[in-house]
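Inspection log for the structure reproduced underneath, given as structure tokens.
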Amino acid sequence: MKKIWLILLGSFIALFIIIQFFQPEKNDKLMYPQNDIVFTLEVPTPIKEKIVDACYDCHSDMTAYPFYNRIAPISWLLAKHIRDGKEHLNFSGWANYERKKQIKLLTAICDEITAGEMPLKGYVFMHRKAVISEKELEEICQWTEQASEQVMSSQE
Amino acid sequence: MKKLILSGIVLIAATLAVTAFTYPTVRLSPNNVNPPQEKVAPVFPENVQKVLETSCFDCHSDAASNAKAKMKLNFSRWSELSDAKKVGKMEAINDEVKNGDMPPGRYVENYPDRAVGQEQKDIINNWVTEESAKLMGQ
């Protein structure tokens, strides 16, 4: 009986080691791409810093990977989060969005943070810098409104 | 050997713990049971109003008790929104309805007659396309 457990555990560990050789592609550009929102809209520095801290890991091309990303299957999980996140909103591809979509996203940014849906709870647990205070939230929502107005009044 | 086993267990436990914390949580608030239907000022074209009244107002109007749904979108307060917000909301409405994300599956299961079919989707889509182009001055 003990032997079975040992074999089972041994194979788990072997599997764990093998999967380490399958690591997802990284999403870690070091500089803002040309199409990033910071080059497209007016983003005040405190807002820029906050959204980089709280959002850019999953919503840009510039993930700052934590050390545990070296370990599969954690790295797979993070890669999936980033893929999903960017699909909904990629700040680094901002200039590619239609104006209507830009406004929709700006509105959603304020709404989702207000509703406590973003940043994800698990993410905030691992990244304290992603905590968004009431005051910061207010500033973000003010900015999303201003930015929406900017998009509204801009011409293609 | 025992040490190896122990470290294996710890590794797996740590992996599981991290997975559990980072797993996205899906929270769907329970639907209201027969909420009162309140008349909302006619700010929408008649056909749009009808779709919204049938399929959306149960959660997205002053009469609803679903606080989170109301916070994100409250049709009773539509006229208070800025033009930019209106465009933002309309685009989101159109996407959600088009993708079948709204109304939520559980709501439709409970109230099949309030489901949004192709005809309703078209009504919403036409309205959003026209109205947001107008608001954006195109």
Side-chain angles (χ1 to χ4, degrees), chain A residues 5-6 8-17 19 58 66 68-69 71-74 76-78 80-81 84-85 88 98-112 114-118 120-127 144-156, chain B residues 1-29 60 66-74 81-96 98-99 101 125 128-138:
Chain A
W5 284 112
L6 262 176
L8 207 64
L9 204 68
S11 30
F12 256 119
I13 293 168
L15 186 72
F16 185 79
I17 291 167
I19 63 172
C58 293
Y68 47 80
N69 185 62
I71 306 162
I74 298 172
W76 302 349
L77 193 86
L78 297 194
K80 186 180 184 314
H81 272 290
D84 290 350
H88 285 107
E98 268 184 81
R99 284 162 71 221
K100 282 192 290 194
K101 183 153 188 193
Q102 293 183 0
I103 295 172
K104 179 193 101 171
L105 290 171
L106 287 164
T107 312
I109 289 167
C110 169
D111 287 351
E112 300 230 348
T114 308
E117 290 168 350
M118 280 289 153
L120 293 179
K121 293 217 160 47
Y123 176 78
V124 177
F125 182 82
M126 301 302 285
H127 303 81
T144 56
E145 289 226 47
Q146 284 163 6
S148 302
E149 297 294 343
Q150 193 192 339
V151 178
M152 285 284 276
S153 57
S154 70
Q155 294 304 318
E156 281 294 282
Chain B
M1 191 59 200
K2 221 172 166 186
K3 230 177 174 176
L4 189 70
I5 292 174
L6 253 176
S7 52
I9 290 171
V10 169
L11 260 177
I12 289 163
T15 311
L16 284 178
V18 172
T19 312
F21 278 122
T22 48
Y23 197 78
T25 48
V26 177
R27 286 158 295 160
L28 195 70
S29 34
H60 292 290
N66 187 332
K68 198 165 122 194
K70 253 198 292 196
M71 181 172 65
K72 288 189 132 181
L73 172 65
N74 183 346
L81 297 176
S82 67
D83 285 356
K85 274 247 158 102
K86 279 182 189 154
V87 172
K89 296 287 181 193
M90 278 193 294
E91 293 301 320
I93 293 165
N94 202 13
D95 284 357
E96 299 260 336
K98 222 185 261 176
N99 297 336
D101 294 330
N125 185 47
V128 169
T129 312
E130 233 170 81
E131 188 70 13
S132 79
K134 201 163 84 190
L135 291 174
M136 292 182 74
Q138 283 171 331

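These figures come from a predicted structure and were not determined experimentally. Per chain, numbering begins at 1; letters A, B, ... match sequence-line order.
- For B:Glu91, there are no salt bridge (charged side-chain N to carboxylate O under 4.0 Å, His left out) partners two or more places apart in sequence or in a different chain.
- Of the two parts of A:Thr107, only the side chain, counted from C-beta on, holds a non-hydrogen atom closer than 4.5 Å to a non-hydrogen atom of chain B.
- Most heavy-atom pairs under 4.5 Å with chain B: of the set A:Leu106, A:Ile103, A:Thr144, this distinction falls to A:Ile103.
- The residue from B:Asn94, B:Ile93, B:Asp95 that alone fulfils the side-chain contact (heavy atoms from CB on, under 4.5 Å) condition with A:Lys104 is B:Asp95.
- Both the backbone and the side chain of A:Thr114 come within contact range of chain B, with heavy atoms under 4.5 Å apart.
- B:Asp83 meets the salt bridge (charged side-chain N to carboxylate O under 4.0 Å, His left out) test with no other residue; sequence neighbours excluded.
- Interface remark: B:Ser7 contributes no atoms to any contact with chain A (heavy atom separation under 4.5 Å).
- Salt bridge A:Glu98/A:Lys101: absent, no basic N to carboxylate O contact under 4.0 Å.
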